[in-house]
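Report on the structure given below.
Within every chain, numbering begins at 1; the chains are lettered A, B, ... in the order of the sequence lines, protein sequences first and strands thereafter. Just so you know, these numbers use all the heavy atoms, side chains as well, and skip hydrogens, waters and symmetry mates. Note that the structure is a prediction, hence the values are computed from the model and not measured.
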Amino acid sequence: MTTFVELLIGGLSTGSVYALIALGFVVIFKATEVVNFAHASLLLAGGYVAARLSGHIGFWPALAVGIAGAATVGALVEFLVIRRYRGGEHSVLAIATIGVDIVLLTEFTRLIGTDVLTLGDPWGDAVLTFGSVTVPQTRIAALAAAALLITAFLLAFRYTSWGVAMRAAAENREAAALMGVRLGRVSLSAWAVAGALAAVAALFLTVFPTPGLERSTSFAAFKAFPAAIIGGLDSTAGALAGGLIVGVTEAMATGYQAELSFLGRGLGDVAPYLVMLLVLLARPAGLFGTRELTRV
Amino acid sequence: MTAASLRVEGVTAGYGPVRALVDVSVDVPDGAVVAVLGGNGAGKSTLLRAVSRTLAFHGGALRGGSVSFGGRRLDGLAAAELVAAGVVQVPEGRQVFARMTVADNLRAGALGARGGARGRARGGERDRAWGGARARAHRRAAALARVHGLFPVLRQRAQQRAGLLSGGEQQMLALGRALMAEPRLLLLDEPTLGLAPMAAARIADTIREINAQGTSVLLVEQNAAVALKLASSAYVLETGRVALAGPAAELAVSDEVRRRYLGVVDETAAQDAESVSTSLPRLGRWPA
Ligand SMILES: Nc1ncnc2c1ncn2[C@@H]1O[C@H](COP(=O)(O)OP(=O)(O)O)[C@@H](O)[C@H]1O
Ligand SMILES: [Mg+2]
């Protein structure tokens, strides 16, 4: 039972971090109908900047610069690549983002080399103990930060003018333009917000129990793809649900690896994708989505 | 020129190889309702898109001519900038944001309406005195009150998703959403299309009322009976060219318009139809 609760908390925590990434992914898709395969490199950009700076200017300032940096990289990708193809085929744009991803990942891989960069976060390897249940502080911090950010985002999406413009543009670009919504700004802000969310995710993907930021951190970011797809590519609530489902599935499959060994090794890595395939079989548009993947 | 009149001069537009408008000129004097009539594919929507700068959304482009409003050139602006210039289009097929609530649709309508900052003709001074955000909130509340006054149903349905409204209600929402930007010129693309006669009559009444409150209207319609009653002058488009133009009252009694767009068959028209039917298959709508 103790193991189960620990796995559940760990899974929810990682899941909420996946949800942050998936949320950015969904926001970009809603605003520009582009499937952003470069999302992992936005994440790596934020993490890299924060990790490089934290030794010099301290953790919190470094995190702030990392978030701003990832937002800027997102905005630049929009401005330099996506904008040039406005009105073009969305599938072409998706492939263009693969190109961006390869370029950025190659560069960050070169910069990071074989290092493992630590962020100097205030939590370290401290744990919290409730009865027999032991949870790293970083997991609780991740859960709290993700809950806070996601709530703030959803409130802004629902109640601010920015949110109304975003939803209007997502639903009908021409009608939104006729209402005076500047589609370029909507798209730019979507990419910047997605970058910022990814940078926060980068933080929590690299703190304890993970050793730090390394080349393979981007693989963790790929888990957000099944999360976004499970929830439905165009649903913000779906990103949340999808993230949690992937996080918990992964934690359980890894934690009970021994019991499930008849299913083969490395189940934790595969399980999110298996869940994704099962969900897509039942609901081709994802749990909360309205658009099927064939649209992209 | 201070009057907020629209001048479309010699506009040619098309979609790739398709030429949809050829050398079309249309004037909408300040405060007027002007109708553009024409059958399916005549180029009516293309004309409105040329004014509202939305041709690109349909793979089209303006090839020649000019569009100006109140002396200011509109061709060259982005679609989103037109709202601030005082021109708002209600697109064909209403295009409400179906997944958003009625209230949010109306909010979206106010997004492009900039107060003092962009120096709108009316209220600019007052806004600057009020100070940005508060002035905008104030004006938005006033615009909302006006829209709710015209369409009380939009207040009752405020929290409902727009996609759940009836066709007539969606048209009201589309009109209300456009009014939230406080346009000086409203472009309407077939607002009565697909509506029951009662609902169409209500929309027509509202258009008259909106115009009486000081907004000019460029109304595109296949339903000539409705349009000619509302308009002071009218144009007839045929395959992308202006075939007829004149005061609405004159066009309403002209044989050609009566025959082609009002479904009226008088003596001479029947004879015309007779002679045509020898070379063309007879159209069922016209009893011989
Ligand atoms: N998106 C488009 N792509 C290609 N041709 C179009 C497009 N929209 C309209 N057309 C063509 O342009 C002409 C005028 O169309 P339109 O302006 O929509 O007419 P109306 O609104 O009077 O029915 C028609 O021949 C139509 O086939
Ligand atoms: Mg049309």
Please determine whether the number of non-hydrogen atoms from other residues, nucleotides or ligands lying under 6.0 Å from atom [atom1] of [X] exceeds 12.
X       : atom1 : answer
R146(B) : CZ    : yes
Y159(A) : OH    : no
R63(B)  : CZ    : yes

Rounded at 0.5 Å granularity, tell me how far [atom1] in [X] sits from [atom2] in [Y].
X       : Y       : atom1 : atom2 : result
Q95(B)  : E171(A) : CD    : CD    : 10.0 Å
N172(A) : M100(B) : CG    : CE    : 10.5 Å
E174(A) : E92(B)  : CD    : CD    : 10.0 Å
L111(B) : W162(A) : CG    : CH2   : 13.0 Å
R136(B) : S161(A) : CZ    : OG    : 8.5 Å

Tell me, for V96(B) versus chain A, whether the close heavy atoms (under 4.5 Å) come from the side chain, the backbone, both or neither. backbone
A78(B) versus chain A, heavy atoms under 4.5 Å apart: side chain, backbone, both or neither?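 Answer is neither: A78(B) stays 4.5 Å or more from chain A.
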Suppose a student defines contact as a heavy atom less than 4.5 Å from any heavy atom of chain A. Which residues in residues 47-58 of chain B would they list?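 So the qualifying residues are S52(B), T54(B), F57(B), H58(B).
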For chain A, which candidate among A98(B), A178(B), P91(B) shows the most heavy-atom pairs at distances under 4.5 Å?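 Of the candidates given, the most pairs with chain A belong to A98(B).
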All heavy atoms of G109(B) vs all of M179(A), minimum pair found to be CA-SD, 3.6 Å
side-chain hydrogen bond (donor to acceptor under 3.5 Å, both in side chains) partners for E250(A), two or more places apart: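 Testing E250(A) for side-chain hydrogen bond (donor to acceptor under 3.5 Å, both in side chains), a comparison that skips the adjacent residues, returns Y18(A), K223(A).
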